[in-house]
Structures are given as structure tokens and as C-alpha cells.
Amino acid sequence: MDPHSPLPPSTSSPLAASQTPYGPALRHADSDADLLACWPVVHQLRPRLQSAEDFISRVHRMRADHYRILAAWQDSHTAVALGGYRLAENLIYGRFLYVDDLVTLDTARGARWGQALMDAMARIGEEAGCSCLVLDTGLSNALAQRFYFRQGLLTQAMRFGRPLQAAAAAAA
């Protein structure tokens with residue numbers, strides 16, 4: 001596989017362990033119906049998103065940057081956790097997998113979905129020839145940081161940012 005090409009869409013059944021390398025309950029949310037099923041999960045993490053339609057349209061735009069959602073499915077229609085990621089390349093890391101979103105429904109916590117998703121995304125990155133997995137978290141998010149340390153992630157940088165007027169006005 002060319003490490004610079006995006007991964008092909010998943011066609012595996014959510015419950016057919018023999019058809020997916022990521023485990024029996026993990027599969028990509030590629031269809032709009034899958035994304036709609038992910039809405040309650042992502043809304044828990046990103047409450048500023050206005051609606052499921054807003055979320056789905058953003059995912060469609062983000063796919064231009066190779067964004068994908070790998071979800072943990074309780075059954076074929078109920079997502080309980082998800083990891084949103086993209087394959088990218090820059091001068092700092094070379095080819096890398098960036099985790100944009102990682103969340104488990106409050107009602108599904110403790111079932112190790114976060115660990116399963118992190119392991120699966122790491123395998124996706126390795127298969128795509130990535131040198132590392134990277135994510136950002138808020139400085140005040142101590143529980144997430146503790147989880148990331150347990151997953152073998154180490155702090156590597158401090159990110160700085162500033163809102164831009166034109167972009168802020170367009171997003172509103």
C-alpha cells in the first residue's frame with residue numbers, strides 16, 4: 001500500500017470479527033447513516049456542534065483531508081465510542097496519524113473502548129507507514145491525559161493558537 005494514499009473505505013460488518021482487523025465491534029463510519037448513529041457520541045465531546053446535519057456536513061468537508069471515524073458499535077446501529085483521525089504529513093513528524101476526536105459515551109465507560117480505538121488507530125497508522133500517532137488535549141483535561149499516558153503517549157509540545165476574525169465570523 002502506498003503510505004501516502006488514503007485508506008479505502010471499510011466494507012466490513014460491525015459484528016463479523018473475521019472480516020475486520022480491528023476487532024469484532026469496530027468499523028469505520030462511512031455512510032451518512034453511520035455518521036448519524038455517531039452523533040450522540042460526538043456531541044458529548046463537541047457540544048458546540050449545532051446539529052447532526054452540521055456534524056455530517058463537516059465530516060464530508062473534512063474527508064478532503066482524509067478524515068475518518070472509526071467507531072465502536074454496540075450493535076449494527078448503535079455507536080458507543082469513536083475515534084476521528086486523519087493521515088497527514090509534515091516536516092516535524094513525516095507521515096503520521098493525527099487523532100482529532102476520541103470519546104466514549106458516559107454510559108459505556110469502563111468497557112475499554114478508548115483503548116481498543118487507540119490500538120486500532122495505531123495499527124492503521126503503522127499499516128499506512130506512519131512514524132507516530134499524535135493528538136492534542138486541553139491542559140485542564142487531566143482525566144484524558146492520565147488515559148493517554150496509560151496508552152504510552154508522552155507529552156511532546158505545547159500548542160499555541162489565536163482566533164482569526166474572518167474564520168470566527170464564517171464559522172458562526
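Sequential numbering from 1 along the given sequence is applied to the chain's residues.
In this structure, Glu126 CD and Leu133 CG are separated by 9.5 Å, a value rounded to the nearest 0.5 Å. Going from atom CD of Gln115 over to atom CG of Leu102 covers 11.5 Å, rounded to the nearest 0.5 Å. Here Cys130 contributes atom SG and Arg123 contributes atom CZ; the two are 14.5 Å apart, rounded to the nearest 0.5 Å. The line from CZ of Arg112 to CZ of Arg109 is 14.5 Å long, rounded to the nearest 0.5 Å. The CG atom of Leu70 sits 4.5 Å away from atom NE2 of His28, with the distance rounded to the nearest 0.5 Å. Rounding to the nearest 0.5 Å gives a distance of 8.5 Å between CD of Glu53 and CH2 of Trp39.
Side-chain contact between Thr104 and Val80: absent, with no pair of heavy atoms (C-beta onward) separated by less than 4.5 Å. Using a 4.5 Å cut-off on side-chain heavy atoms (C-beta onward), Arg27 and Trp73 make contact. Looking only at side-chain heavy atoms (C-beta outward), Glu89 and Phe96 stay at 4.5 Å or farther from each other. In this structure, Val134 and Tyr93 have side chains that are in contact, with non-hydrogen atoms separated by less than 4.5 Å. Contact annotation: the side chain of Leu135 approaches that of Met118 to within less than 4.5 Å [non-hydrogen atoms, C-beta and beyond].
In this structure, Ser131 contributes its side chain and Gly94 its backbone to no donor-acceptor pair below 3.5 Å. Side-chain atoms of Gln165 never come within 3.5 Å of backbone atoms of Pro163 as a donor-acceptor pair (strictly under, hydrogens ignored). Distance alone, capped at 3.5 Å, places no donor-acceptor pair between the Gln44 side chain and the Val103 backbone.
In terms of heavy-atom proximity, His60 sits nearest to Asp32 at NE2-OD1, 2.7 Å. The two residues Leu35 and Phe55 make their nearest non-hydrogen contact at O-CE2, 3.2 Å. For Ala52 against Leu36, the heavy-atom pair with the smallest separation is CB-CD1, 3.6 Å. Shown here for Tyr67 and Val59, the closest heavy-atom pair between the two residues is CE2-CG2, 4.1 Å. What you find for Arg86 and Met62 is that their closest heavy atoms are NH2-CE, 3.3 Å. Contact between Ile69 and Cys38 at its shortest, heavy atoms only, is CG2-SG, 4.3 Å.
Side-chain contact check for Tyr98 and Asp65: no donor-acceptor pair (N or O, by modelled atom type) lies under 3.5 Å.
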Residue pair Asp34, His77: steps toward the side-chain hydrogen bond (donor to acceptor under 3.5 Å, both in side chains) verdict: CA-CA 7 Å; Asp34 287 344; His77 305 292; over 6 Å; no
From CA spacing to verdict: side chain to side chain contact (heavy atoms under 4.5 Å, CB included), Asp30, Arg68: CA-CA 8 Å; Asp30 290 327; Arg68 296 199 68 195; 3.0 Å; yes
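Asp54 has a carboxylate O that lies under 4.0 Å from a charged side-chain N of Arg58, or vice versa, which qualifies the two as a salt bridge.
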